[in-house]
Amino acid sequence: MASSKLFIVLAILAIVSPTILATDFIVGDDKGWTINVDYQAWAQEKLFYVGDNLVFNYPEGAHNVLKVNGTGFQECAAPAGTVALTSGQDVINLATPGRKWYICGVSKHCEVGPQKLFITVMPASFAPSPSPTTSAATISSVNGARFAWMIIVIGILGMLI
């Protein structure tokens, strides 16, 4: 009986934990997805984990988002059949670890802008990814809130055992 309750608790934690720890990264912060922004500098101080989201904000019709490979990134060219994201509020879930490349396929935005982003996504872990802001106080409060939720969930589940 106790082992079945423990299994249920662990299953719930496995489902809930990635959601609690996930971070939404607003690409370009307040500038959004546009030309004349150094997206490599923007990404440099961030750690991206599986389960996090990239949010591309831009005026609908002005830009798009194309997921490409390393060659497509260097050449600013999407492979045939690549589907462009065009909503102006595109959310990409980082579902797998590894290198990820994104470009804008409108006009010469990638080449001249240079409107393109390269990141490396780390495997999921219980180590929290940092907040998209650079403020140490904000990072501390966001991470504290994440762990507070985990403690609450664990406490509630502990009472059920």
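Values reported hereafter were calculated over all heavy atoms of this structure, with side chains retained and with hydrogens, waters and symmetry mates removed.
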Shared hydrophobic cluster for Leu94 and Trp42 (ILVMFWY, side-chain gaps under 4.5 Å):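 Same cluster: Leu94 reaches Trp42 through Ile, Leu, Val, Met, Phe, Trp or Tyr contacts under 4.5 Å.
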
Any side-chain heavy-atom pair of Gln40 and Phe118 under 4.5 Å: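 Side-chain contact under 4.5 Å: yes.
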
Any donor-acceptor N or O pair under 3.5 Å, side chains Asn64, Tyr58: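 No - no donor-acceptor pair under 3.5 Å links their side chains.
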
Nearest-0.5 Å distance, [atom1] of residue [X] to [atom2] of residue [Y]:
X      : Y      : atom1 : atom2 : answer
Cys104 : His109 : SG    : NE2   : 5.5 Å
Cys110 : Lys116 : SG    : NZ    : 5.0 Å
Met122 : Leu47  : CE    : CG    : 7.0 Å

Minimum heavy-atom distance between Ala22 and Gly51, given as atom pair plus value: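 So the minimum-distance heavy-atom pair works out to CB-O, 3.3 Å.
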
Residue pair Pro123 / Pro97: nearest heavy atoms and the distance that separates them: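 Distance-wise, the nearest heavy atoms are N-CB, 4.0 Å.
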
What pairs of donor and acceptor atoms, side-chain ones from residues 65-80 against any protein atom, are under 3.5 angstrom apart with sequence neighbours left out?
residue, atom, partner, partner atom, Å
Asn69, OD1, Thr71, N, 3.2
Asn69, OD1, Gly72, N, 2.7

Intermediate values then yes/no, side-chain contact (heavy atoms from CB on, under 4.5 Å), Val121 and Ile119: CA-CA 6 Å; Val121 178; Ile119 63 169; 3.9 Å; yes

With Val91, the side-chain contact (heavy atoms from CB on, under 4.5 Å) member among Leu54, Asn53, Asn57, Leu85: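 That would be Asn53.
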
Matching residue for Tyr102 among Trp33, Phe56, Tyr39 - test: ring pair (Phe, Tyr, Trp, His ring centres under 6.0 Å):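 Exactly one pass, corresponding to Phe56.
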
CD/Gln89: more than 12 non-hydrogen atoms of other groups inside 6.0 Å: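 Check fails, neighbour count at 12 or below.
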
Trace of the side-chain contact (heavy atoms from CB on, under 4.5 Å) decision for Val27 with Leu117: CA-CA 9 Å; Val27 177; Leu117 171 66; 4.1 Å; yes

Verdict with supporting geometry, Asp52 and Phe25, side-chain contact (heavy atoms from CB on, under 4.5 Å): CA-CA 8 Å; Asp52 289 344; Phe25 289 96; 3.4 Å; yes

Full working for side-chain contact (heavy atoms from CB on, under 4.5 Å) between Arg99 and Trp101: CA-CA 7 Å; Arg99 296 177 177 175; Trp101 299 270; 3.5 Å; yes

